[in-house]
Amino acid sequence: MTAQILDGKATAAAIKSELATRVAALKERGITPGLGTVLVGDDPGSHSYVRGKHRDCAQVGIASIRRELPADATQADVEAVVRELNEDPACTGYIVQLPLPKGLDANAVLELMDPAKDADGLHPVNLGRLVLGIDAPLPCTPNGILELLRRHGVQTRGAHVVVVGRGVTVGRSIGLLFTRRSENATVTLTHTGTRDLSTELQRADIIVAAAGVPHLVKPGDVRPGAAVLDVGVSRTEAGLVGDVDPGVAEVAGWLSPNPGGVGPMTRAMLLANIVEAAEKAAGGAQI
Ligand SMILES: Nc1nc(=O)c2c([nH]1)NC[C@@H]1CN(c3ccc(C(=O)N[C@@H](CCC(=O)O)C(=O)O)cc3)C=[N+]21
Ligand SMILES: [Mg+2]
């Protein structure tokens with residue numbers, strides 16, 4: 001069997017065209033949504049990611065607000081930019097690109113953000129709302145994974161999802177989405193302390209590999225026909241390497257590749273959070 005591709009690039013393009021329609025409707029009411037990015041330091045990967053985001057904004061008609069700080073910026077410098085974006089009416093929502101350079105306290109920066117402008121869904125208040133089931137911006141990567149499955153007709157109801165990796169942006173939060181009544185999946189969260197990862201993985205209908213360990217998930221770990229999402233990425237001498245061994249494509253029923261899978265979906269969900277925040281601020285979508 002060769003897995004069917006969960007095509008994040010094409011799916012993100014479809015979502016962006018839907019969002020462009022909603023942005024046009026907002027503009028007719030005199031509202032232009034604006035996405036802010038705060039980028040500290042000169043990590044090439046972070047710069048490339050932020051560039052991609054502004055390209056996305058241009059495609060759907062969202063205004064871009066860029067703030068760049070040097071690698072030696074102080075905590076006070078970063079916090080001043082966050083306060084400024086909190087107050088800026090042109091900024092509907094924004095993100096602080098992570099990781100911040102060493103010595104800066106990312107959690108303190110996140111706490112300072114206006115939760116209503118948190119485009120990443122990573123503010124402690126919004127993560128708390130997710131736990132409580134209160135409407136809030138959702139974390140972009142988990143939300144993108146669910147949307148990718150939904151748009152390819154992969155059932156989550158009753159499915160056993162095995163997540164690898166307990167990072168805040170994916171592993172810690174994705175179970176909260178998958179276990180909502182609307183998804184009704186059962187979730188196992190695995191990590192480096194898991195005793196027999198392969199046995200856990202073999203039980204999965206859906207595998208979310210978000211550990212950042214090159215080719216961690218092998219063909220023998222995957223039940224034939226399972227859906228496998230390659231989320232983690234590592235920079236190696238051989239270039240960018242995902243968490244899923246290429247041989248998995250011969251066993252899985254569905255495969256979200258990396259690149260071309262969850263990355264573009266993450267960016268699309270970021271735009272969706274911006275559009276939703278702008279519609280909310282304007283008193284709801286009026287279609
Ligand atoms: N506050 C914050 N929010 C984030 O969401 C966040 C972050 N910090 N820091 C870094 C990680 C990483 N991340 C990526 C998202 C999309 C691609 C992406 O679109 N990748 C393309 C390839 C690269 C491209 O085409 O530009 C792909 O997978 O096909 C990559 C990486 C978001 N992150
Ligand atoms: Mg292994």
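Any value given below was found using the heavy atoms of this structure, including those in side chains, with hydrogens, waters and symmetry copies removed. For ligands, and for the atoms within them, numbers begin at 1 and follow the listed sequence. One-based numbering along the sequence shown.
Side-chain contact between Q59 and S17: absent, with no pair of heavy atoms (C-beta onward) separated by less than 4.5 Å.
The closest approach between any non-hydrogen atom of C140 and ligand 1 is not below 4.0 Å. Within the 4.0 Å heavy-atom cutoff, G52 does not count among the residues contacting ligand 1.
Contact atoms of ligand 1 toward V96: 1 (N), 2 (C) (distance under 4.0 Å to a heavy atom of the residue). Every atom of ligand 1 with a heavy atom of P259 under 4.0 Å away is listed here by number and element: 27 (C), 28 (O), 29 (O). The distance from ligand 1 to the heavy atoms of G260 drops below 4.0 Å at these ligand atoms: 27 (C), 28 (O), 29 (O). Proximity to L98 (heavy-atom distance under 4.0 Å) selects the following atoms of ligand 1: 1 (N), 2 (C), 7 (C), 8 (N), 9 (N), 10 (C).
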Trace of the side-chain hydrogen bond (donor to acceptor under 3.5 Å, both in side chains) decision for T156 with R150
CA-CA 8 Å; T156 58; R150 220 176 269 137; over 6 Å; no
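In this structure, N143 contributes its side chain and C140 its backbone to no donor-acceptor pair below 3.5 Å.
There is no side-chain donor-acceptor pair under 3.5 Å between N86 and R83.
The shortest N/O to N/O separation between Y49 and ligand 1 falls below 3.5 Å. Considering backbone and side-chain atoms together, D120 places an N or O closer than 3.5 Å to an N or O of ligand 1. For a threshold of 3.5 Å applied to N or O pairs, the pair formed by Q97 and ligand 1 contains at least one separation below that value. On a distance-only criterion, K53 and ligand 1 share no N/O pair closer than 3.5 Å.
No more than 12 heavy atoms of other residues, nucleotides or ligands shown are found within 6.0 angstrom of CZ on R172.
Within 4.0 Å of atom 23 (C) of ligand 1, not a single protein heavy atom is present.
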